[in-house]
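Here is how names work: the chains are called A, B, and so on, in the same order as the sequence lines, proteins then strands, and each is numbered from 1.
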2 protein chains.
Amino acid sequence: MNNMPRQHDSHSRRTFLQTSAVAASIAGISLASNSKVVIAEEEKGKGNITILFQGDSITDAGRNKKESLPNNAAALGRGYPAMVAGELLGTNPAGSFSIYNRGISGNKVPDLKARWQKDCYDVKPDILSVLIGVNDIWHKLNGNYAGTVETYETGYRELLKETQEKLPKTKIIICEPFVLRCGAVRENWFPEFDQRQAVARKLTDEFKLTFVPFQNMFDKAAKVTGPEFWARDGVHPSVAGHMLMAHTWIEAAGL
Amino acid sequence: MNNMPRQHDSHSRRTFLQTSAVAASIAGISLASNSKVVIAEEEKGKGNITILFQGDSITDAGRNKKESLPNNAAALGRGYPAMVAGELLGTNPAGSFSIYNRGISGNKVPDLKARWQKDCYDVKPDILSVLIGVNDIWHKLNGNYAGTVETYETGYRELLKETQEKLPKTKIIICEPFVLRCGAVRENWFPEFDQRQAVARKLTDEFKLTFVPFQNMFDKAAKVTGPEFWARDGVHPSVAGHMLMAHTWIEAAGL
């Protein structure tokens, strides 16, 4: 990601400024005329985009699994998928997004594979976001899973290969598995957790996908306030952590 | 609020641009140096601020009532209080906010009064945000409540008068009760609902409080996409509606 800062710098400034213009305008506090221009820009080339968030409890974030409609507040949960949805839908009302959250607490790569037909292929996403990996090591350290770094790499590669074959036009976004150095995250997580992160980045390059550097983001954030502020148990983000993830995800996705 | 647009225009541009600078910086994608300046600006004069969100189901938004700690993701729910918390905490990590959501589904003015000691005075908020009124008419139209516009005005005035006496230093923010013209909101809600909105604005002026013009915001938003996009049942906002409320609330609160 070393070559991205400059390019994303101007993009992030523009996106957020436009966002403010549209939000502020709709809020009736300003920019009545500008906003229409901005909405038009935002719409350009977007059309109706289906976004699917996949992962474990970090993505699940207490979503109501009885609700299946896209853009449903309860079905989106209270984590970064809901915040991304709120930002994209709320600041681009004239655009059209269908956003689904199908994260399930406790999931590991094999769990995604087992429900991929129903929870991915059937959804036919234009953009698929996957955040998986922390349980693959956590459950192993707890003695509830035998998967190794190799298991993670092999299973994740098969999942992505099949997904690209079945959904060749889908933009796949790999979210970097992350931990904060506090709570449940002990020294014995390393270097294996780093190795699993390296796998996620390796597969991103191998399949030419989009990568969201969440670990880098949280490492920088932890320098400001300490790790607990962003995830008390080291794994599940605070509301601040989820909002930070949402902004970073939108940047990385180029939306 | 006719005199506010210009003033809020520049403010909203600045706030969102700073937000993007800080978020993008922490996300490790840009502005490493600028962000420190921005964080310093954001911190200035803030210190440790306790914010309390009070209201009905719109504020409650599925919060976990067993969690009582401030800034707790589950305790904040998935509505505008959580999104405000995410924005304020996530983009101002060096600052210090303690944010509580004590909204309870179905509440009307008398319900707030009945739990005000425990759910307001004991919290000792620096900023108190109140959004109440839709159930006062909804339950009446359903035959489950006898309150009139006068009951709403008298009860709300007593609540605000006592609150200013007990918490003289607290900044009170009155959120305008709102509805979208769809779902459960029928013609028979008017003009009584307008009269109740007028009461909220009248009390805001009477006690020199801060007003958040949510109806105006949603009226403008509905012109872009129709009302259902922002609140399918006309009362409970979509995730887009909640995010729009969060941005507007932050603007109005001057945070």
Side-chain angles (χ1 to χ4, degrees), chain A residues 1 4-6 8-9 12-13 15-17 19-21 23-32 39 61-62 64 71-74 76-79 82-83 85-87 89-91 93-94 213 216-217 219-221 224-225 229-230 236-244 246-248 251-252, chain B residues 1 4-6 8-9 12-13 15-17 19-21 23-32 39 61-62 64 71-74 76-79 82-83 85-87 89-91 93-94 213 216-217 219-221 224-225 229-230 236-244 246-248 251-252:
Chain A
M1 291 297 151
M4 290 177 65
R6 190 168 304 282
H8 271 239
D9 179 344
S12 86
R13 286 161 174 270
T15 305
F16 275 83
L17 186 55
T19 297
S20 75
S25 165
I26 291 171
I29 31 190
S30 65
L31 303 172
I39 289 175
N64 180 342
N71 305 342
N72 177 286
L76 286 164
R78 52 177 165 66
M83 292 169 176
E87 287 289 346
L89 294 164
T91 59
N216 180 32
M217 176 193 83
D219 287 345
K220 287 175 182 282
V224 183
T225 56
F229 181 88
W230 304 101
H236 299 95
S238 62
V239 65
H242 274 293
M243 185 62 79
L244 198 58
H247 286 316
T248 302
E251 288 298 321
Chain B
M1 298 319 232
M4 292 178 65
R6 190 169 304 281
H8 270 237
D9 178 343
S12 84
R13 286 160 172 269
T15 305
F16 276 84
L17 186 55
T19 298
S20 75
S25 164
I26 290 172
I29 26 191
S30 65
L31 302 172
I39 288 176
N64 179 342
N71 305 341
N72 176 286
L76 286 165
R78 50 176 166 66
M83 293 169 176
E87 287 289 347
L89 293 165
T91 59
N216 180 32
M217 175 193 83
D219 287 346
K220 288 175 181 281
V224 182
T225 56
F229 180 88
W230 304 101
H236 298 95
S238 62
V239 65
H242 274 293
M243 185 62 79
L244 197 59
H247 286 317
T248 302
E251 288 297 321

Worksheet item: How long is the span from the NE2 atom in A/H242 to the CG atom in B/L76, to the nearest 0.5 Å?
Response: 11.5 Å

Worksheet item: Do A/E87 and B/H247 have side-chain heavy atoms sitting under 4.5 Å apart?
Response: yes

Discussion item. Under the rule for side chain to side chain donor-acceptor pair (under 3.5 Å), what residues qualify as partners of A/N72, not counting sequence neighbours?
Written reply: A/E67

Response to the item:
On a heavy-atom basis, the closest approach of B/A82 and A/V239 is O-CG2, 3.3 Å

Worksheet, complete the sentence: Those residues at least two apart in sequence (or on a different chain) that pass side chain to side chain donor-acceptor pair (under 3.5 Å) with B/D219 are B/Q215

Item to complete: Considering non-hydrogen atoms only, spot the tightest contact between A/G90 and B/L244 and give its length.
Response: O-CD1, 4.0 Å

Worksheet entry | A/F229 side chain near B/N71 side chain, heavy-atom distance below 4.5 Å | no

Worksheet, complete the sentence: When every non-hydrogen atom of B/M83 is compared with those of A/M243, the smallest separation belongs to O-CE, 3.5 Å

Item to complete: Please state whether the side chain, the backbone, both or neither of B/A74 comes within less than 4.5 Å of a heavy atom of chain A.
Response: both

